[in-house]
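See structure below.
To find a chain, count down the sequence lines: A is the first, B the second, and so on, and within it residues start at 1.
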Amino acid sequence: MKRTEMLKMNYEFNRVFRKGIYYNTKYLTLYVRPRNDNRLMLGITVSKQVKGSVKRNHVKRWLREMYRATESEICTGNDLVIVGRFLPQDTNYHKLLLVWEKLIKEAKIYCPKTAYV
RNA sequence: UGAGUAAACCGGACAAUCGCGGCUGCAAAGAUGAAAAUCUGCAGAUGAGGAAAGUCCGGGCUUCAUAGGGUAGGGACGCCGGGUAGUUCCCGGUGAAGGUGACUUUAAGGAAAGUGCAACAGAAAUUAUACCGCCGAGCGAUCGGUAAGGGUGGAAUGGUGAGGUAAGAGCUCACCGGCAGUCUGGUAACAGGCUGGCCGUGUAAACCCCGUCUGAAGCAACACCGUGGAGAAACAAUAGUGUGACCCGCACGUUUCGUGGAGGUGGCUUGAAUCCGGGCGAAAUCCCGGAUCUAGAUAGAUGAUUGUCCUCGACAGAACCCGGCUUACAGGUUUACUCAGAUU
């Protein structure tokens, strides 16, 4: 299985924020920007509305795990940035996963496995 | 048994599957490359805290400044002894305050160098003073003596008792307090004794005085590499470089020095280290011997799922590294001690 490619530099993030299309929900914001090549790159960031570095880190891990679970169903050729926003106390991984699945369909980057087979 | 004091420690556990960081080893299958190597692959062990936090002190380390020394100014600290690389930290002790007690708290030098302040109340808040009183003189107005008592205040000119007196007063005496001198004990802070003598408030977390210490900035420090770009020098015109097997053709001046933006590499984990054993000491700490290597990321690694168990899980995430302080914290364990009660 292919390793997830991460966005690293600050300018890469800024490029996606400025030129990408964003899809907003209560818990997450997704920025999408098409790429010239066929790679799929991911950036994860969490808003400071989530207090405390422990909680922020935890949300980041959820987002990464969530992406990993659905990576094979996402269209290639895009830069994605997922932003974690304010989360109520009873949030857990499963709730986030449901939100995420809705979000990728809405953003029209949901490509079921046919692309790979 | 109940209530409490002090110290030390732990900070959900186990199993399975998938996933992540750097490390070590293997493999040579795939990709890049001239090579070294890098990525991918497989295996292995390993991977956040007691506060990682606040960034409040003290260092190491680095750069800048600086011949050496002193003074002023600024800042910090302030009972004594010991510990330490060092501190405002730690340990032990002294004084003071609190608690029945175990024990706790303590910015604890100087008010006899000087200045300031002390609201309201009160007669009076410091080279001051007499409101109600008390006593004496006087018919009285008033004058003189006094600071026991009342009253004000956070604080009122040592306190209690006796003598003394017109009434009173350290005026005198005893004890207590405080001051000065001296002796004894203690390394010292200080404690105790003796003698003299009766001494005018508090505030230095007000200025100040005395003593001690004191360059500045921080890993985004700093060192190295550095496509591009700015600069300098040298060389060349049938040359050189790239493309290519070669020629033609096409494109471009080339090389060196050097400054350094983006970016990269180092700094980056072996250290006042951890564990075990022994020793000096009342303790902090120190000494000796043995063993171990225990995160090193850079959009920043610990997560998800399932199952079992319990007390049902708090505060909370390394970012150069140590020592200390402070603050946050569900619940639990151990040891020592105190008070009250019960039983023997």
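- The CH2 atom of A:Trp62 sits 14 Å away from the P atom of B:U302 (whole-angstrom rounding).
- Checked against B:G300, B:G303, B:A48, the side chain of A:Lys60 finds its nearest nucleotide in B:G300.
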* To do: I would like to know whether A:Leu97 and A:Lys102 meet side chain to side chain contact (heavy atoms under 4.5 Å, CB included); could you show each step before the answer?
  => CA-CA 9 Å; A:Leu97 191 59; A:Lys102 263 188 205 168; over 6 Å; no

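- Using Watson-Crick or G-U wobble geometry with both donor-acceptor distances under 3.5 Å, B:U46 finds its partner in B:G21.
- Taking only distance into account, the side chain of A:Arg61 never meets the base of B:G300 through a donor-acceptor pair shorter than 3.5 Å.
- For B:U24 and B:C276, the P atoms lie 31 Å apart once the distance is rounded to whole Å.
- For the P atoms, the distance linking B:A7 with B:G277 amounts to 25 Å, nearest Å.
- A distance of 8.0 Å separates OH of A:Tyr23 from CG of A:Leu30, quoted to the nearest 0.5 Å.
- Using atom C1' as the reference point in both B:G317 and B:C90, the two lie 30 Å apart (nearest Å).
- Under the 90° criterion around 0 for the glycosidic angle, B:U294 counts as syn.
- Rounded to whole angstrom, the span from the NE2 atom of A:His58 across to the C1' atom of B:G303 amounts to 7 Å.
- The distance from atom NZ of A:Lys55 to atom C1' of B:A328 is 13 Å, rounded to the nearest whole Å.
- Taking atom P in both B:G323 and B:A51, one finds a spacing of 10 Å when rounded to whole Å.
- Distance check on atom C1': B:A121 versus B:G151 gives 11 Å, rounded to whole Å.
- Heavy-atom nearest nucleotides on RNA chain B were determined for A:Glu65 and for A:Val54, and the one closer to the 5' end corresponds to A:Glu65.
- Interatomic distance, CZ of A:Arg61 versus CD1 of A:Ile44, reported as 11.5 Å (0.5 Å rounding).
- Considering only heavy atoms from C-beta on, A:Ile82 comes within 4.5 Å of A:Trp100 through its side chain.
- In this structure, A:Asn24 CG and A:Tyr31 OH are separated by 7.5 Å, a value rounded to the nearest 0.5 Å.
- Note on A:Arg64: a side-chain N or O is less than 4.0 Å away from OP1 or OP2 of B:G300.
- Rounding to whole angstrom units, CG of residue A:Leu63 and C1' of B:G303 are separated by 12 Å.
- Distance from the side chain of A:Asn57 is smallest for B:A301 among the nucleotides B:A301, B:A316, B:A304.
- Only the C1' atoms considered, B:C280 is 11 Å distant from B:U285, to the nearest whole Å.
- One C1' atom belongs to B:G196, the other to B:A206, and the distance between them is 38 Å to the nearest Å.
- Comparing B:G4 with B:U326, their C1' atoms sit 27 Å apart, to the nearest whole Å.
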